[in-house]
Amino acid sequence: MADAVREPTAEARAGEPAGDRAAPAPAGEGEEEAPRRTGPGFTIITGLSGAGRSEAARCLEDLGYFVVDNLPPALLSKMAELADRPGGPSRVAVVVDARGGVFFGELSKALEELKQLHIAYRILYLEASDETLVNRYEATRRRHPLAPADRVVEGIRKERLMMESLRGDADLILDTTGLTPHELRDRVREAFADAPPEESLQVSLVSFGYKYGTPRDADLVLDVRFLPNPHWVDDLRPLPGSDERVRRYVTSQPAYDAFMERLRALLEVLVPGYVREGKSYLTVAVGCTGGRHRSVVVVDELARWFRERGLPTAVDHRDLDRG
């Protein structure tokens, strides 16, 4: 299993508006706009086959969600209306996939119906690398639902193309590449347990090493390889970035304070804007060469900054324990 968190990626770009959505149709002249129904905590779980949808659904079920698996998209609005009635479940998650040929036409229509009903919803999209998905299918000996003649790679390619537009509409993208089922459940719990109020923003900070690849699920990617590398200091090389001696070395560099000051100023502009636009999740990835020193120090300082502002913040030092 493998996963992480995000909306369409960009290295220094604001994501599209995200978060629980219930875009009401504009009121006609002289008419009052229909009040927004907050509805249930209505979550649509979708994404690539083999990326961990079932595991995510089981985790949400453990968190108290009423989970419906493989619900036809045409029934989404009916399910949402039932859940929105008095006595209905307070939080609902439905799993939909791309097995049907009319999937996207039905799903687009269903999402539009939710908006017309003023029912807020969010989309959780799971994905993984082609290599990871192929390995999972080989391990389970299952056929890919879109794979002709058991050619898993071709099925994955078709599904990526089919799901591309839906991925762009996702509120939260979890890249499960390299994650165990336990780690995936941890990510889902971080995102959904004790969710903050609608106007809040949940932050995920990831330190990583460029030599191991850039996180696929980051909204913002920061490159701190301009700072001197503690790896070339013999006494610091074996120590992690969480060690106070490494932290002092990195933070004492002439460029560090100026960088952090400008980064905080940028975030002071970005974060309120994301909240105003309804974005519920923000993933910031900070990279250095190996992901053990400089990026760890910067992520830890960013975590303090976000938490001081009352924003729920999760930290993942992805490559800290690598050689």
Side-chain angles (χ1 to χ4, degrees), residues 1-7 9 18-20 40-71 89-97 121-129 131-140 142 163 166-167 170-196 200-208 212-213 215-219 280-285 291 299 303 307 311-322:
M1 197 65 40
D3 246 77
V5 182
R6 173 210 165 202
E7 200 187 84
T9 309
D20 290 357
F42 197 76
T43 299
I44 299 166
I45 304 172
T46 189
L48 301 179
S49 301
R53 293 181 312 226
S54 296
E55 193 68 39
R58 284 192 289 269
C59 182
L60 290 182
E61 192 168 32
D62 291 343
L63 292 174
Y65 280 73
F66 181 80
V67 176
V68 181
D69 198 3
N70 292 326
L71 185 75
S90 60
R91 297 188 294 180
V92 175
V94 297
V95 182
V96 296
D97 61 31
Y121 67 90
R122 56 186 165 183
I123 299 173
L124 167 61
Y125 185 96
L126 293 103
E127 65 179 7
S129 69
E131 181 182 4
T132 296
L133 295 174
V134 169
N135 289 340
R136 290 176 186 169
Y137 271 99
E138 288 180 349
T140 61
R142 295 178 58 193
M163 304 291 277
L166 182 59
R167 183 184 188 277
D171 300 290
L172 176 62
I173 295 176
L174 297 181
D175 179 4
T176 65
T177 303
L179 294 186
T180 65
H182 178 75
E183 290 168 335
L184 171 56
R185 291 173 69 85
D186 286 345
R187 296 292 179 85
V188 173
R189 272 192 291 268
E190 287 173 1
F192 287 89
D194 299 320
S200 188
L201 182 72
Q202 183 152 328
V203 179
S204 292
L205 301 175
V206 182
S207 66
F208 71 94
Y212 303 114
R216 293 155 49 93
D217 54 357
D219 297 294
S280 297
Y281 306 94
L282 173 65
T283 299
V284 180
V299 159
R307 288 164 180 161
L311 294 170
T313 303
V315 172
D316 177 19
H317 294 309
R318 192 191 74 178
D319 301 324
L320 183 62
D321 296 327
R322 298 207 185 196

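In this text, all values refer to a predicted model and were calculated from it rather than measured experimentally. Below, all heavy atoms of this structure are taken into account, side chains as well, without hydrogens, waters or symmetry copies.
The distance from atom CZ of Phe208 to atom CG of Asp316, rounded to the nearest 0.5 Å, is 12.0 Å. To the nearest 0.5 Å, atom CG of residue Asp69 and atom OG of residue Ser54 are 5.5 Å apart. Ser204 OG to Leu282 CG: the interatomic distance, rounded to the nearest 0.5 Å, is 8.0 Å. With rounding to the nearest 0.5 Å, the separation of CD1 in Ile123 from CZ in Phe42 is 10.5 Å. Rounding to the nearest 0.5 Å places CG of Asp186 at 7.5 Å from OG1 of Thr180. In this structure, CG on Leu133 lies 10.0 Å from CD on Glu131, to the nearest 0.5 angstrom.
Judged by distance alone, with hydrogens and angles left aside, the side-chain atoms of Arg91 form a donor-acceptor pair with the main-chain N or O of Leu63 at under 3.5 Å. Panel note: side chain Arg136, backbone Gly50; a donor-acceptor pair is recorded below 3.5 Å. The backbone N or O of Thr283 lies less than 3.5 Å from a partner atom in the side chain of Asp219, making a donor-acceptor pair. With hydrogens and angles disregarded, no donor-acceptor distance shorter than 3.5 Å links the side chain of Arg318 to the backbone of Val206. Between the side chain of Thr177 and the backbone N or O of Asp175, no donor-acceptor pair lies under 3.5 Å.
The heavy-atom pair separating Leu184 from Gly52 by the smallest distance is CD2-O, 3.8 Å. Nearest approach of Arg216 to Arg167, heavy atoms of both residues: O-NH2, 4.1 Å. Smallest separation of non-hydrogen atoms from Thr46 and Met163: OG1-CE, 3.2 Å. Smallest separation of non-hydrogen atoms from Val95 and Ala57: CG2-CB, 3.8 Å. Taking both residues in full, the closest heavy atoms of Phe66 and Pro89 are given as CB-CB, 3.7 Å, listed atom of the first, atom of the second, then distance. The two atoms that bring Leu124 and Ala56 nearest to each other are CD2-CB, 4.3 Å, heavy atoms only.
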Exercise for review: Show your working on side chain to side chain contact (heavy atoms under 4.5 Å, CB included) between Leu48 and Tyr125 and close with a plain yes or no.
Suggested key: CA-CA 8 Å; Leu48 301 179; Tyr125 185 96; 3.6 Å; yes

Point to revise | CA sep, side-chain torsions, deciding dist, call: Leu172, Gln202, side chain to side chain contact (heavy atoms under 4.5 Å, CB included) | key: CA-CA 11 Å; Leu172 176 62; Gln202 183 152 328; over 6 Å; no

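Phe192 and Tyr281 have tilted rings, their planes meeting at an angle from 30° to 60° on a 0 to 90° scale.
Within the cation-pi definition used here (under 6.0 Å to the ring centroid, within 45° of the axis), Arg322 qualifies as a partner of Tyr212.
Using a 4.0 Å cut-off between charged side-chain N and carboxylate O, Arg58 and Glu55 make a salt bridge.
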